[in-house]
Amino acid sequence: MEPIRRMGRTGQMEPGDVQGASEHTEATEHTEHPEHIELREPTEPGEAGEPRQLGTPRDRAYADALLAERFQAHRSHLRAVAYRMLGSLNEADDAVQEAWIRLSRSGTDGVENLGGWLTTVVGRICLDMLRSRTSRREEPLDEPGVRLPDPVVGAGDVIDPEHAALLADSVGLALLVVLDTLAPAERLAFILHDLFAVPFDDIAPIVGRTPTATRQLASRARRRVQGAAPAPDCDLPRQREVVDAFLAAARGGDFEALVAVLDPDIVARSDGGALRPGMLIRGAAAVAGQAITFARFAEASVPALVNGAAGVLAMAEGRPISLMAFTIRDGKVTALDILTGPERLAALDLEPFTG
């Protein structure tokens, strides 16, 4: 695969690091989205078998449509990469759109593996976005001001087919929280290699390291992920049994029964949004006490699927007041991630629950 290139002032790709998506606002306004390009037949070849020239507007539109069609075939994969890198659905869409802009300007000359090329382009765009976050000194998730990644929510125990690719490897909120604690280059190396099987030789130019140093970045990230977010139970019916036991104990004020379904070292994170302080609570006893208190405010608890795992949407007066994502291992709740911010909840597609 040839090295990733960035856009120059002339619209041609130049060697070096790519620029962030925000620098291409003007280009975005004038570059048609690939989903909206109409595929038309090309003009006829010239006389005596002369090769057709792509000089007419119609021919150029046809070539653009073919390119858009090829890009669309990779869109869901690219969005999955960007979501794991950024933990934000909107930012993931921005990164994918930026990749389309760059592809539409540069074309595919010299690109043998378009899917692989686009994966590394999206990875580099996301890396720039993560570095921009770091430069703004955003608060980490283990300090006051907790901000959880965007959840992918489904009604009942059925995931929306549109979101299936996002969760192909069961990327739960707890894992995304741990990924947010990694350095940008570590996160990129781990995600591209361990989750998407991109060779270290292709990742190294993106992070500006040798393949050996890039392998070390991924190894360091892997140790942190395995230590902080071990693989959860994958049996969804069993997950639901544990969640139901948690809810029954919380509603009934049964402290002992609630502690029994919690891992002794459970971590609960609550994201209250911009206007409410977040909380981070550790230990079964402390989490059980908060759960019993909160249960008094919820009139109904509706089963939900949150990032592919059993979750709950709490309702009061017909509106959602919290979304809870459970991480369960060996029959115990090891992590509880709760989204309570009104603006964050309003941004989710909860129509299947409220409509």
Side-chain angles (χ1 to χ4, degrees), residues 83-84 87-89 140-142 146-154 156-159 163 166-182 187 190-191 194-195 221-250 257-271 278-291 294-295 301-314 322-340 344 348:
Y83 177 60
R84 285 153 180 76
S88 165
L89 294 170
L141 289 172
D142 57 354
V146 170
R147 180 175 174 83
L148 295 174
D150 289 345
V152 179
V153 186
D157 288 336
V158 180
I159 191 66
H163 293 146
L166 287 175
L167 307 174
D169 53 10
S170 299
V171 55
L173 281 190
L175 173 59
L176 288 172
V177 168
V178 175
L179 292 177
D180 272 343
T181 68
L182 301 176
R187 185 169 186 168
F190 172 76
I191 289 174
D194 284 38
L195 302 186
R222 192 179 305 118
R223 288 194 297 270
R224 294 188 63 179
V225 169
Q226 291 173 346
D233 294 343
C234 296
D235 186 338
L236 190 56
R238 176 57 183 150
Q239 289 179 27
R240 187 59 67 188
E241 289 178 8
V242 174
V243 171
D244 289 345
F246 172 94
L247 294 174
L258 192 51
V259 169
V261 299
L262 302 179
D263 185 271
D265 298 320
I266 183 175
V267 176
R269 292 168 287 255
S270 175
D271 179 352
M279 293 191 301
L280 188 144
I281 306 172
R282 300 180 185 274
V287 172
Q290 287 291 325
F294 182 79
S301 298
V302 184
L305 200 63
V306 183
N307 283 59
V312 171
L313 182 68
S322 74
L323 179 70
M324 294 184 283
F326 293 78
T327 301
I328 299 169
R329 182 176 173 83
D330 298 329
K332 303 281 188 178
V333 182
T334 61
L336 182 58
D337 294 296
I338 311 170
L339 196 63
T340 62
R344 297 288 307 276
L348 300 177

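We number each residue from 1, following the sequence as shown.
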Closest heavy-atom contact between Leu323 and Ala304? CD1-CB, 4.5 Å
Roughly how far, to the nearest 0.5 Å, is CZ of Arg240 from CD1 of Ile328? 8.5 Å
Heavy atoms of Gly308 and Leu236 approach each other most closely as O-CD1, 4.3 Å
Non-hydrogen atoms of Val177 and Pro149 that approach each other most closely: CG2-CD, 3.7 Å
Supply the atom-to-atom distance Leu280 CG to Arg269 CZ, rounded to the nearest 0.5 angstrom. 6.5 Å
What one should report as the nearest heavy-atom pair of Ala295 and Ala250 is CB-O, 3.7 Å
So Arg329 and Thr327, do their side chains get closer than 4.5 Å, heavy atoms only? no
Measure the shortest side-chain to side-chain distance between Val242 and Phe326 over non-hydrogen atoms and say whether it is less than 4.5 angstrom. no
Within the distance-only criterion (no hydrogens, no angle test), does the side chain of Thr340 pair as donor or acceptor with the backbone N or O of Asp271 below 3.5 angstrom? yes
Nearest heavy-atom contact between Ile338 and Ser322 is CG2-CB, 4.0 Å
side-chain contact (heavy atoms from CB on, under 4.5 Å) partner of Leu173, chosen from Leu336, Leu339, Val306: Val306
Is Arg187 reaching over with its side chain to a backbone N or O of Arg84, donor-acceptor style, under 3.5 angstrom? yes
What distance do Leu175 atom CG and Leu195 atom CG have between them, rounded to the nearest 0.5 Å? 7.0 Å
How far does OG of Ser301 sit from CE of Met324, to the nearest 0.5 angstrom? 5.5 Å
Decide yes or no for Thr334 and Pro232: does some side-chain heavy atom of the first lie under 4.5 Å from some side-chain heavy atom of the second? no
In Å, rounded to the nearest 0.5 Å, how long is the span from CG of Leu176 to CG of Asp150? 9.5 Å
To check you understand the geometry: which heavy-atom pair defines the closest contact between Phe294 and Ala314, and what is its length? CE2-CB, 4.4 Å
Measure the spacing between CG of Leu247 and CG of Leu258 and express it to the nearest 0.5 Å. 9.5 Å
Less than 4.0 angstrom from a charged side-chain N to a carboxylate O is my criterion; do Asp233 and Arg238 meet it? no
Given the rule in the side-chain contact (heavy atoms from CB on, under 4.5 Å) test, do Val312 and Phe246 qualify, once you have shown the distances and angles that lead to the verdict? CA-CA 11 Å; Val312 171; Phe246 172 94; over 6 Å; no
